[in-house]
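Remarks on the structure that follows.
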Amino acid sequence: MEKKRFYITTPIYYPSDKLHIGHTYCTVATDAMARYKRLTGCDVMFLTGTDEHGQKIEDKAREAGVTPQQFVDHIVTGPRGILDLWKLMNISNDRFIRTTDGYHVSAIQKIFRKLYDNGDIYKGKYVGKYCKPCESFWTESQLVDGKCPDCGREVADAEEEAYFFRLSKYAERVRHLLEDTDFLEPRSRVHEMVNNFIKPGLEDLCVSRTSFTWGIPVDFDPGHVVYVWVDALSNYITALGYENNQYDDYGKFWPADVHFVGKEIVRFHSIIWPAMLMSLGEPLPKKVFGHGWLLLDGGKMSKSKGNVVDPYILAELFGVDALRFFLLRTFPFGSDGNFSNEALIQTINVDLANDLGNLLSRTVSMAGKYFDGQLPAVQAGDEEKDAELTGMISTLRDRYEEQMEKFAFQNALAEIFKVIDRANKYIDENAPWALAKDMETNGPRLGRVLYNLLEVLRISAILLTPFIPESAAEVLRQVGADASASSWESAARYGGLPETVTVVRGENLFPRVDAEQALEQLEQAAEAARKAALPDLEIEPQLPEKVDFETFSKSDFRAVKVKDCQAVKKSAKLLKFTLDDGTGTDRQILSGIAKWYRPEDLIGKTLMAIVNLPPRKMMGQESNGMLISAVHTEKGEECLHLLILDDAIPAGAKMC
Ligand code: MSP
């Protein structure tokens with residue numbers, strides 16, 4: 001029988017910055033869904049990629065002094081880039097598209113021409129507002145307090161000759177799609193789209209730009225580049241081979257079963273994208289699911305909020321599976337959730353260490369201790385005592401499946417953990433250690449108790465595979481499940497393990513995290529990462545204003561010789577200098593350089609000082625002038641060097 005097909009996508013990411021843990025949310029969810037569908041026997045296509053054109057990228061590349069292509073190459077394929085991140089997170093995508101890939105570029109040109117040829121793209125003049133970070137055009141009426149309604153940042157005036165897509169023509173069909181079908185989920189997003197965008201009247205969409213060049217050129221009108229969202233949205237079909245010969249999967253996988261997207265880009269996916277497809281005469285995706293955001297302290301997550309949101313640091317400390325699990329266990333997929341390291345540690349300790357980890361280690365070690373690792377052939381059930389648990393195990397897959405089909409990851413996991421929780425109680429109720437005191441009488445019963453626990457672990461591990469692939473495989477190995485006892489089919493039935501199954505003791509899968517220590521380590525790692533990202537050398541830029549010679553000449557710089565130098569009591573910074581300035585009277589200068597010099601090392605040195613500054617009191621002592629030094633920053637650390645002069649220069653010599 002031919003396998004059922006399932007095509008799922010993530011948004012394609014902007015390679016404008018390093019990605020944070022919030023970015024991984026959608027990709028981890030998509031991965032869990034793709035793995036789940038593969039587990040159930042589907043032929044899956046899981047697509048992700050990068051959205052590499054647009055003014056923002058062009059600007060950032062210029063700032064970095066590289067070409068836009070070099071810039072995106074570095075962020076996509078460079079060390080700790082986007083490809084590395086997906087490898088780290090164990091993402092099982094089948095395909096990765098870059099919108100700079102040649103086949104995509106030429107397919108977009110064909111798509112643009114098709115839309116033009118069928119009369120849905122026409123030339124006009126664009127007058128409006130543009131939000132560069134979002135790459136979005138807005139009309140005056142769509143702005144919120146004069147700012148971008150998506151990100152709240154400043155928008156700029158934009159006026160240029162441009163091509164327009166007749167979005168307005170499709171307003172009614174899109175409205176029907178949103179209101180009368182289950183195309184867009186969760187349902188709350190439908191109201192948002194209809195009320196905010198359709199009801200006020202859909203305007204035609206500007207789909208080309210002439211004010212920058214980093215985009216796909218409109219092949220029949222040089223100087224115009226295709227609007228990034230037309231370029232980006234089309235990735236879902238070009239990656240299958242639409243209008244190109246790179247792939248041949250369009251017939252097989254289109255229409256997509258679901259596009260997972262963040263809530264702020266639902267507008268593009270549920271209004272513009274279906275309208276484009278309607279115009280092209282292509283089938284529409286079956287569903288768009290707009291998930292919520294991971295917030296940090298209730299606000300938008302960004303790299304600038306600190307490195308504690310760096311997925312590399314988190315994965316290194318807690319493990320990739322724990323991180324994946326946390327993201328999908330803690331937050332309902334359709335709503336926003338507050339990310340915190342404390343919550344992450346709590347989830348690891350409660351669900352993974354306490355509940356699942358303990359159940360596994362207790363069960364496997366009891367099987368080892370009481371039966372040398374192999375359960376006995378003769379086991380004795382106790383219908384009444386076992387019924388609740390065995391009932392829960394045999395129906396778990398159905399309950400889980402129902403939730404997974406609704407993309408309710410959190411609920412699916414909750415179903416699994418209800419059974420795990422019940423199994424831990426079952427251990428206490430049956431007290432295997434008490435049964436083991438009289439093996440002759442209770443051995444068969446003890447065998448059955450452990451068998452039931454192994455079955456809970458086996459079925460839970462199969463169903464956890466999409467979430468924590470590596471750990472689930474290890475659980476299955478430890479409980480002695482072979483390939484047939486690890487399949488989706490076998491998860492529907494209690495009794496997949498042979499009665500005389502042999503367990504394998506392994507390492508503790510999920511050790512408890514010491515919260516205090518982990519938070520401290522996290523801070524240290526974040527600080528080290530912050531330092532490593534700082535520039536090696538920073539030198540203060542030169543002042544733009546000119547100073548006239550007369551003003552400059554008023555500053556009296558002299559060579560001074562250090563007669564004595566001492567630390568100032570109760571000050572961590574100050575050194576007190578007694579200096580010969582050539583006048584015959586000692587001069588006292590205080591200088592905040594204790595961090596860089598020991599007083600005894602400076603005695604006898606010839607330095608440079610400005611001697612006609614007004615006297616200043618510091619820590620109760622008077623300072624008459626200032627020693628001159630050179631300063632710069634290395635890896636964020638301030639560095640200072642006193643100007644130490646040739647000893648042949650006499651005290652008091654004027655510097656000019
Ligand atoms: N390039 C567009 C998508 C084009 S799809 C044809 C884009 N890229 S993005 O890099 O800015 O965002 C990619 C995805 O990450 C979006 O779905 C966005 O919602 C998601 N997230 C970014 N920050 C997030 C959180 N803090 N939490 C959850 N998802 C987040 O948009």
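Values reported hereafter were calculated over all heavy atoms of this structure, with side chains retained and with hydrogens, waters and symmetry mates removed. Here, residue 1 is the first one in the sequence, and each next residue gets the next number. Read the numbers this way: they start at 1 and go in the same order the structure lists the ligands and their atoms. Not measured: the values here are computed from a predicted model.
In this structure, His20 counts as a contact residue of ligand 1, since one of its heavy atoms falls inside 4.0 Å of the ligand. Residue-ligand proximity: Ser16 is placed with every non-hydrogen atom at 4.0 Å or more from ligand 1. Using a 4.0 Å heavy-atom cutoff, Phe260 is absent from the residues neighbouring ligand 1.
Here salt bridge (charged side-chain N to carboxylate O under 4.0 Å, His left out) pairs that include residues 275-285, with residues two or more places apart or in two chains, number zero. Within the structure, salt bridge (charged side-chain N to carboxylate O under 4.0 Å, His left out) contacts touching residues 196-207 (residues at least two apart or in different chains) do not occur.
Under the 6.0 Å cut-off for aromatic ring centres, Phe417 and Phe325 qualify, their centroids lying closer than that.
Looking only at protein heavy atoms, the nearest one to atom 2 (C) of ligand 1 is Ile12 O, 3.4 Å. Here the protein heavy atom with the shortest distance to atom 15 (O) of ligand 1 is Tyr13 CE2, 3.5 Å. At the shortest separation from atom 26 (N) of ligand 1 among protein heavy atoms lies Leu294 O, 2.9 Å. With respect to atom 22 (C) of ligand 1, the closest heavy atom belonging to the protein is His23 CD2, 3.4 Å. Nearest non-hydrogen protein atom to atom 17 (O) of ligand 1 is Gly262 N, 2.9 Å.
Distances from atom 28 (C) of ligand 1 to the heavy atoms of Gly49, Gly22, Cys134 put Gly22 nearest. Selection from Trp229, Tyr14, Phe339 by nearest heavy atom to atom 9 (S) of ligand 1 gives Tyr14.
Salt bridge status for Arg62 with Asp59: present, with a side-chain N to carboxylate O gap under 4.0 Å.
Annotation: Asn245, atom CG; neighbour count of heavy atoms from other residues, nucleotides and ligands within 6.0 Å does not exceed 12. Residue Lys263 places its NZ atom among more than 12 non-hydrogen atoms of other residues, nucleotides or ligands, all under 6.0 Å distant.
When heavy-atom distances to ligand 1 are checked against a 4.0 Å cut-off, Glu264 comes that close only through its side chain, counted from C-beta outward. Contacts between Phe268 and ligand 1, counted as non-hydrogen atom pairs separated by less than 4.0 Å, are absent for every part of the residue.
Between the side chains of Asn93 and Thr48, no donor N or O sits under 3.5 Å from an acceptor N or O.
Applying the side chain to side chain contact (heavy atoms under 4.5 Å, CB included) test between Phe71 and each of Ile75, Asp73, Thr67 identifies Ile75 as the sole match.
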